[in-house]
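Reading through the structure tokens given below for one structure.
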Number of protein chains: 2
Amino acid sequence: MSKPRYQRRKEDRPREIADAAFDAFAEKGYASTRVEEVATRAGVSKGLLYLYFKTKEELFKAVVKNVVVRRVDALIALVDKTEQSSEAFIRGPASRFLKDVPDSPVAVIIRLLISEGPRHPDLLEYYYRNVVSKGLAAVQRIIQRGIERGEFRPSAVDDLPHLFLAPVMMSVVWRSLFGKRSLDTDKLIDTQIELLLAHIKA
Amino acid sequence: MSKPRYQRRKEDRPREIADAAFDAFAEKGYASTRVEEVATRAGVSKGLLYLYFKTKEELFKAVVKNVVVRRVDALIALVDKTEQSSEAFIRGPASRFLKDVPDSPVAVIIRLLISEGPRHPDLLEYYYRNVVSKGLAAVQRIIQRGIERGEFRPSAVDDLPHLFLAPVMMSVVWRSLFGKRSLDTDKLIDTQIELLLAHIKA
DNA sequence: TCAGCTAATGACTCTTAGGTCAGTAATTGT
DNA sequence: ACAATTACTGACCTAAGAGTCATTAGCTGA
């Protein structure tokens, strides 16, 4: 009896293909990744890939959607469940989360969105609704809670949660362009958090 | 006498083509812009384009190089010539410059670099040397001068000039993804500058 | 165990877009 | 005025890569 040349694994294929696509897109970007290479990485023929994804673009969207949402939802759950003071939460779990972003799949997605987003408005809409606005709202909720508890005082930062994310964005871009050279992204993020806390503390 | 079908304008062609390419890349990104479209926009045949630029990639590099350098050099000259106090300079000319970035050609170049940079390491090297490091050094010089004059006190911000640029980066990315919706980039940048000044003022 | 179903293959087509080049017409010098 | 020069054109070539489909072979249930 000879080994079968392939196995039928209808259930697992979509995820395997999407994972392979993620890796390939991360390395080469969307436009210069060949569909055939994705198939090869997934250990599958090109034809099969087209059985599960109608076009390359649909594959792209599937990939981009399933990476970040879980992560963001986890963070939000954390925010809403914690018993810590707002300051402790920001210094602890939130800080750690933010510092992880530049080395995580999230960073890849951000780069992909910057490159390809403008040609996929529906995808951007999806992201804005399910990731960006949720994330910003969560940050705002922490601050608000701090104010209610008397930890923080009201300030201009209240409706600019973006300030917490700016150094993260900077780090993501820097890393994607220049690698790890000459910028300590952890320190950048930490320092910004210190600045912000110093400013809003009561 | 009929109009000539074209004029020979050897001197002007390269700039005209580069300008057309800039516009096209800004709209569609590098990968999905066709060389022929660049030629058409420049009012020129594809063949002529290839007379002045050996490949599409070379065209890309030419475009990307000639946009930002002048601008940055202008800013640096400003920094080194000003008689203002560091604080006044930061609140005035520097702030204005930074707030202009998200709507300027510089933003386009940043987007192009994020998308295509990883596949053009020499271009990134060029940018790091001629734009990024110079810009960061200029910011650092302003702070340093403030310290020497007793306006500012030494702090963690001294060797993180990136903090001044983080909200700009954030704004560039935000704008390129979501347009002008729901983020006042001027305010973001202003607020960050206020935070930083409050922190380093003596 | 074998017939029917369908997951999976891989060779194929077709379009797109980067790059070439032989020829043409605007310009320049004499 | 008219060669000689060369900026410029546009039809062409070719590679690459997205997407298709007739065929094959693993699986499943009777």
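Letters A, B, ... mirror the listed sequences (proteins, then strands); counts begin at 1.
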Residues in contact with DNA chain D, drawn from residues 10-24 of chain A - heavy-atom cutoff 4.0 Å: none
Given dA7(C), dG10(C), dC8(D), the nucleotide with the shortest approach to the side chain of R5(A): dG10(C)
Can I get a per-line list of side-chain donor-acceptor pairs under 3.5 Å for residues 190-197 of chain B, giving both atom names and the distance, sequence neighbours left out?
unit_1, atom_1, unit_2, atom_2, d
D190(B), OD1, K99(B), NZ, 3.1
D190(B), OD2, K99(B), NZ, 3.1
T191(B), OG1, K187(B), O, 2.6
Q192(B), OE1, Q192(A), NE2, 3.1
Q192(B), NE2, Q192(A), OE1, 3.0
Q192(B), NE2, L163(B), O, 2.9
E194(B), OE1, R91(B), NH2, 2.7
E194(B), OE2, R91(B), NE, 3.0
E194(B), OE2, R91(B), NH2, 3.4

Nearest-Å distance for atom pair OH/P, residues Y30(A) and dG17(D): 14 Å
Presence of salt bridge, K134(B) and D73(B), under 4.0 angstrom: yes
Min side-chain heavy-atom separation F178(B)-L183(B) under 4.5 Å: no
Electrostatic pair R145(A)-E148(A), nearest N-O below 4.0 angstrom: no
Per S45(A) side chain, nearest of listed nucleotides dG10(C), dG18(C), dC8(D): dG10(C)
Non-hydrogen side-chain atoms of V106(B) and V172(B) separated by less than 4.5 Å: no
List every contact pair, protein side and nucleotides 27-30 of chain C side both N or O, where the distance is under 3.5 Å.
none

Donor-acceptor pair, side chain of S86(B) and main chain of I143(B), under 3.5 angstrom: no
R111(B) side-chain N/O to I114(A) backbone N/O, donor-acceptor pair under 3.5 Å: no
Non-hydrogen side-chain atoms of I109(B) and Y127(B) separated by less than 4.5 Å: yes
Residues in contact with DNA chain D, drawn from residues 32-41 of chain A - heavy-atom cutoff 4.0 Å: T33(A), R34(A), V35(A)
Separation of atom CG in L51(A) from atom C1' in dG10(C), rounded to whole Å: 14 Å
Heavy-atom side-chain contact between K201(B) and E151(B) under 4.5 Å: no
E58(A)/K61(A) salt bridge by N-O under 4.0 Å criterion: no
Atom-pair distance (OH on Y52(B); C1' on dC8(D)), nearest Å: 8 Å
Main-chain N/O of L78(B) paired with T82(B) side-chain donor or acceptor, under 3.5 Å: no
Heavy-atom pair of closest approach, residues S182(B) and Y128(A): OG-OH, 2.8 Å
Spacing between F60(A) atom CZ and dG19(D) atom C1', to the nearest angstrom: 19 Å
Spacing of E57(A) atom CD relative to dG19(D) atom C1', expressed in whole Å: 14 Å
Expected rows: protein N/O vs nucleotides 20-22 of chain C N/O, under 3.5 Å:
none

Ring pair (Phe, Tyr, Trp, His ring centres under 6.0 Å) contacts in which one or both residues fall within residues 54-81 of chain A, not counting sequence neighbours: F25(A)-F60(A), Y30(A)-F60(A), F60(A)-H120(A)
